[in-house]
**Student:** 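The structure follows.
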Amino acid sequence: MVDKDFSTRGSVAYVDPPFRTWGRPQFRRRATWPFARLRIGAQDIVISSIFGEFRVTRMNLVSISRVRIVPVLADGFTFVAHGHHEAVIFWAVGTRRVLDELHRHGWAVEDG
């Protein structure tokens with residue numbers, strides 16, 4: 001069991017839920033670094049920004065997947081959850097660390 005949450009700053013984009021890891025997403029809203037924060041816990045993941053909170057739990061999770069539009073410069077993760085009309089892409093510096101923390105906290109990541 002993991003005893004400490006992981007947190008990092010980054011950018012966030014709200015997109016239509018069918019968006020996966022290919023193509024260019026249609027951004028509805030965006031907040032650039034440092035106006036978004038990702039917190040990964042054992043029971044939930046919270047992405048907070050100037051738009052509010054996007055909470056993923058083990059019960060409402062649809063998928064977490066890698067997204068690479070411009071490798072290194074635009075690497076991130078797409079979070080899709082039941083009860084949200086949009087998916088969220090969290091862009092991070094150091095995506096390897098974020099991926100490791102997702103796995104360490106027991107979250108499965110497609111293409112990760």
**Student:** Give a yes or no answer on whether the side chain of H105 reaches the backbone of K4 with a donor-acceptor pair at less than 3.5 Å.
**Tutor:**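 The answer is yes, because a donor-acceptor pair under 3.5 Å joins these two groups.
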**Student:** How many angstroms lie between CZ in R9 and OG in S48, if you round to the nearest 0.5 Å?
**Tutor:**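 R9 CZ to S48 OG: 7.5 Å, rounded to 0.5 Å.
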**Student:** Evaluate R39 against D5 for salt bridge (Lys or Arg N to Asp or Glu O under 4.0 Å), listing each step before the verdict.
**Tutor:** CA-CA 7 Å; R39 184 186 54 76; D5 291 354; 2.8 Å; yes
**Student:** Which is it for S65 and D111 under the side chain to side chain contact (heavy atoms under 4.5 Å, CB included) test, yes or no, and what are the steps along the way?
**Tutor:** CA-CA 6 Å; S65 57; D111 191 29; 5.8 Å; no
**Student:** Decide yes or no for L61 and I45: does some side-chain heavy atom of the first lie under 4.5 Å from some side-chain heavy atom of the second?
**Tutor:**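 In short, these two side chains do not touch, never coming nearer than 4.5 Å.
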**Student:** Check whether any side-chain heavy atom of V80 lies under 4.5 Å from a side-chain heavy atom of S63, and answer yes or no.
**Tutor:**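 A side-chain contact exists here, since the closest heavy-atom pair is under 4.5 Å.
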**Student:** Can you tell me how far OG of S11 sits from CZ of F90, rounded to the nearest 0.5 angstrom?
**Tutor:**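 So the gap between those two atoms works out to 7.5 Å.
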**Student:** Compare every heavy atom of A42 with every heavy atom of R58, then report the nearest pair and how far apart it is.
**Tutor:**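 Closest approach of R58 to A42: NH2-O, 2.7 Å.
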**Student:** Where do S49 and V12 come nearest, in terms of heavy atoms and distance?
**Tutor:**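 Nearest pair, atom of S49 first, then V12: CB-CG1, 3.7 Å.
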**Student:** Show your working on side chain to side chain contact (heavy atoms under 4.5 Å, CB included) between L99 and R66 and close with a plain yes or no.
**Tutor:** CA-CA 9 Å; L99 180 62; R66 291 291 302 267; 3.6 Å; yes
**Student:** Do you reckon I50 sits in the same ILVMFWY cluster as I47, going by side-chain contacts under 4.5 Å, direct or chained?
**Tutor:**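 Both belong to a single hydrophobic cluster.
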**Student:** Search all heavy atoms of W91 against all heavy atoms of A13 and return the closest pair with its distance.
**Tutor:**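 W91 and A13 have their closest heavy atoms at NE1-CB, 4.0 Å.
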**Student:** Can you tell me how far CG of D75 sits from CD1 of I89, rounded to the nearest 0.5 angstrom?
**Tutor:**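 One finds 11.5 Å between CD1 of I89 and CG of D75.
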**Student:** If you measure from CG on D100 to OG1 on T95, what distance do you get to the nearest 0.5 Å?
**Tutor:**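 Reported value, rounded in 0.5 Å steps: 9.5 Å.
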**Student:** With ring centroids as reference points, do F54 and F79 lie under 6.0 angstrom apart?
**Tutor:**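 F54 vs F79: aromatic centres not under 6.0 Å.
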**Student:** Ignoring hydrogens and angles, tell me if any N or O in the side chain of N60 forms a donor-acceptor pair with the backbone of R55 under 3.5 Å.
**Tutor:**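 Yes: the side chain of N60 pairs with the backbone of R55.
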**Student:** Check whether any side-chain heavy atom of F6 sits under 4.5 Å from a side-chain heavy atom of L102, and report yes or no.
**Tutor:**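 F6 vs L102: side chains apart.
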**Student:** Looking at every non-hydrogen atom in both residues, tell me the closest pair between W107 and Q43 and how far apart they are.
**Tutor:**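 Scanning both residues, the minimum pair turns out to be CZ2-C, 3.8 Å.
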**Student:** For a quick test of reading the model, state the closest non-hydrogen atom pair linking I64 to A108 and the distance between them.
**Tutor:**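 Closest heavy-atom pair between I64 and A108: CB-O, 3.7 Å.
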**Student:** Less than 4.5 Å apart, side chain to side chain, heavy atoms only: is that true for R104 and I40?
**Tutor:**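 Sidechains of I40 and R104: no contact.
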